[in-house]
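One structure below.
Only heavy atoms go into these numbers, but all of them, side chains included; no hydrogens, no water, no symmetry mates.
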Amino acid sequence: MDFSWTLEQDELYDHILSLVQNKLDAGDTDTHQPWTRAQWLLCGDLKLLGLSVPTRYGCEDMGLVFSVSAHLFACAMPIVEYGDEIIKNRILHGLCSGAIVGANAITEENAGSDVLALKTRAVVDGDSYILQGKKSYVSNGPVADLFVVYAVTNPAHGYLGITAFVVEKDTLGLIIGEPFRKMGLTSTPACRISFDACRVPVANRIGKEGQGSQIFKQSMQWERSCLFAGYLGQMERQLERTITYAKERRQFGKPLGKHQAIAHRLADMKVRLEAARLLLYRACWRFDQGLDALLDISLAKLAVSQAAVMGGLDAIHIHGSTGINCEHGIEQMLRDAIPSTIFSGTSEMQRDIIASELGL
Ligand SMILES: Cc1cc2nc3c(=O)[nH]c(=O)nc-3n(C[C@H](O)[C@H](O)[C@H](O)COP(=O)(O)OP(=O)(O)OC[C@H]3O[C@@H](n4cnc5c(N)ncnc54)[C@H](O)[C@@H]3O)c2cc1C
């Protein structure tokens, strides 16, 4: 295994990083506001919306990185991997250019980690399915042009009773809720959606009837691996900023970083970042090679999300009162990190997968 980057990858990274810094971060930096269509189209221009691993390329707004990742890994990739040529030709170009914003909807009020408890039904009626039900958490939902939706087609079949559909935003019977407020990833718009006798053409089904669970599971493999590269980027920025602060800020006659307790905290941040990075690179490498990567991806997702939360706490602590002052953006990194232990399968779900892969 060689995880070093090729010259070409290094050049691409530098190129995209400078464009992102100049164009995306130069505008409105209030990440409490939703990102704008103009920013989204810029992501399309930068080819980020069509890349498999866009989030490495650094953007200070984790909410935008999260939105791009959810769009790409949980909406575009299921269509790429399971859609037929007609639906791919109809939709993928718009998803990659930024003309279309994508979202995915599986979670329901009583079906979070337990996705097999879904209640949203899809019943065949001629050359359509009629969808009925409610989804409780849809990232990008308020601005999305299309949704990858999971619904039960055969309640008796459990895992094999779920089917995936593309539902376009103007479809009659699709009701898009008001955006709700969140403590982290604040610039990612999110809402509930519901289906009231919502008629979706059979042509909008992704894959076969009953293949939905498999499609969702595969999309989670993409999300748990590639999306989390964005958090490596956040942790790198966080460590750099915190080291700089620890060198500049002086207390008791010397820089904070010369107090051993502070230096050790920074050393621990570095250890967690590099350990998480290696786990993620190995997981992505195995996924890329077409090898079984289930264990590696869960190990990486757990390690990156935990490191992001612990790094967030350490960064605040070292910055002292500056760390909790919302004007400096240090506390925001913690608020953006906390949801990472919940979405794409909670930490407990990752431990369950790891334990099961260990034969327990
Ligand atoms: C930022 C963010 C974005 C999201 N975006 C989307 C989206 O775009 N589309 C979408 O469909 N959903 C989305 N979700 C929802 C997400 O998929 C769910 O939050 C997640 O699956 C957990 O479900 P839940 O919130 O209902 O928690 P629950 O499943 O109710 O879990 C609550 C707690 O109990 C624990 N728990 C549950 N079962 C067990 C068990 N068997 N053993 C031990 N512990 C257990 C969990 O680990 C967790 O700590 C998003 C969530 C977040 C936070």
Side-chain angles (χ1 to χ4, degrees), residues 49-50 70-111 115-177 191-223:
L49 299 174
H71 159 99
L72 184 56
F73 303 125
C75 179
M77 290 316 292
I79 298 170
V80 171
E81 293 186 323
Y82 295 92
D84 60 28
E85 283 309 312
I86 299 172
I87 205 160
K88 285 194 220 183
N89 284 327
R90 184 155 66 85
I91 289 169
L92 286 180
H93 179 73
L95 281 174
C96 293
S97 72
I100 299 177
V101 177
N104 81 98
I106 187 161
T107 306
E108 299 177 2
E109 215 63 70
N110 293 312
V115 285
L116 296 188
L118 291 190
K119 287 280 176 278
T120 297
R121 286 295 311 270
V123 177
V124 180
D125 182 41
D127 56 1
S128 305
Y129 285 86
I130 310 287
L131 268 62
Q132 190 76 33
K134 293 179 179 167
K135 298 291 180 185
S136 58
Y137 200 131
V138 185
S139 297
N140 295 347
V143 294
D145 300 293
L146 70 84
F147 302 80
V148 167
V149 175
Y150 297 86
V152 177
T153 39
N154 191 334
H157 284 189
Y159 184 88
L160 296 175
I162 295 173
T163 302
F165 302 91
V166 166
V167 182
E168 273 127 321
K169 82 165 176 209
D170 294 326
T171 313
L172 214 61
L174 167 64
I175 301 146
I176 298 171
C191 67
R192 297 177 178 81
I193 63 171
S194 54
F195 306 93
D196 185 11
C198 178
R199 186 174 284 275
V200 176
V202 170
N204 278 24
R205 193 182 67 212
I206 311 174
K208 299 192 182 75
E209 202 169 282
Q211 217 179 359
S213 302
Q214 183 193 338
I215 296 173
F216 175 68
K217 211 168 144 189
Q218 175 72 358
S219 79
M220 284 301 100
Q221 292 298 85
W222 279 102
E223 231 184 57

For the pair I175 and F195, evaluate side-chain contact (heavy atoms from CB on, under 4.5 Å) and give the outcome as yes or no after the intermediate values.
CA-CA 6 Å; I175 301 146; F195 306 93; over 6 Å; no
Please walk me through it: do S213 and V115 pass side-chain contact (heavy atoms from CB on, under 4.5 Å)?
CA-CA 9 Å; S213 302; V115 285; over 6 Å; no
Would I162 and I215 count as a side-chain contact (heavy atoms from CB on, under 4.5 Å) if you check the C-alpha gap in whole Å, the side-chain angles of each, and the deciding distance to 0.1 Å?
CA-CA 10 Å; I162 295 173; I215 296 173; over 6 Å; no
Test E209 against N154 for side chain to side chain donor-acceptor pair (under 3.5 Å), laying out the working first.
CA-CA 9 Å; E209 202 169 282; N154 191 334; over 6 Å; no
Please lay out, stage by stage, how S219 and N104 fare under the test side-chain contact (heavy atoms from CB on, under 4.5 Å).
CA-CA 10 Å; S219 79; N104 81 98; 6.0 Å; no
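Across every non-hydrogen atom of A151 and A122, the tightest pair is CB-CB, 3.9 Å. Here the shortest heavy-atom pairing between I193 and F147 reads CD1-CD2, 3.9 Å. Across every non-hydrogen atom of A197 and I130, the tightest pair is CA-CG2, 3.6 Å. Residues L118 and I106 approach most closely at CD2-O, 3.1 Å, considering heavy atoms. Considering every non-hydrogen atom in both N140 and G102, the closest pair reads ND2-O, 3.0 Å. Of all the heavy atoms in P142 and V138, the pair that sits closest is CD-O, 4.3 Å.
From T120, atom OG1 reaches atom CD of E108 across 3.5 Å, with rounding to the nearest 0.5 Å. Interatomic distance, OG1 of T171 versus CG of L131, reported as 9.5 Å (0.5 Å rounding). Rounding to the nearest 0.5 Å places CE of M77 at 8.0 Å from CD of Q218. To the nearest 0.5 Å, the span separating CD on E168 from CZ on R90 amounts to 4.5 Å. If you take CZ on R192 and CD on E109, they are separated by 6.0 Å, rounding to the nearest 0.5 Å. One distance of note links SG of C191 with NZ of K135; it measures 13.5 Å at 0.5 Å rounding.
Between the side chain of N204 and the backbone N or O of V167, no donor-acceptor pair lies under 3.5 Å. The backbone N or O of P201 sits nowhere less than 3.5 Å from a side-chain atom of R199 that would complete a donor-acceptor pair. The main-chain N or O of G161 is found under 3.5 Å from a side-chain atom of T153 such that the two form a donor-acceptor pair. Of the possible donor and acceptor atoms, one in the side chain of K88 sits under 3.5 Å from a partner among the backbone N and O of V80.
Residues passing the ring-ring contact (aromatic ring centres under 6.0 Å, His included) test with Y82: none are found, sequence neighbours excluded. For the ring-ring contact (aromatic ring centres under 6.0 Å, His included) test, residues two or more places apart in sequence or in another chain that qualify with F165 are Y129.
Taking the six-membered ring for Trp and thresholds of 30 and 60 degrees, F216 and Y150 have ring planes more than 60 degrees apart, a perpendicular arrangement.
Looking at heavy atoms from C-beta onward, T163 lies out of side-chain contact with Q211 at the 4.5 angstrom threshold.
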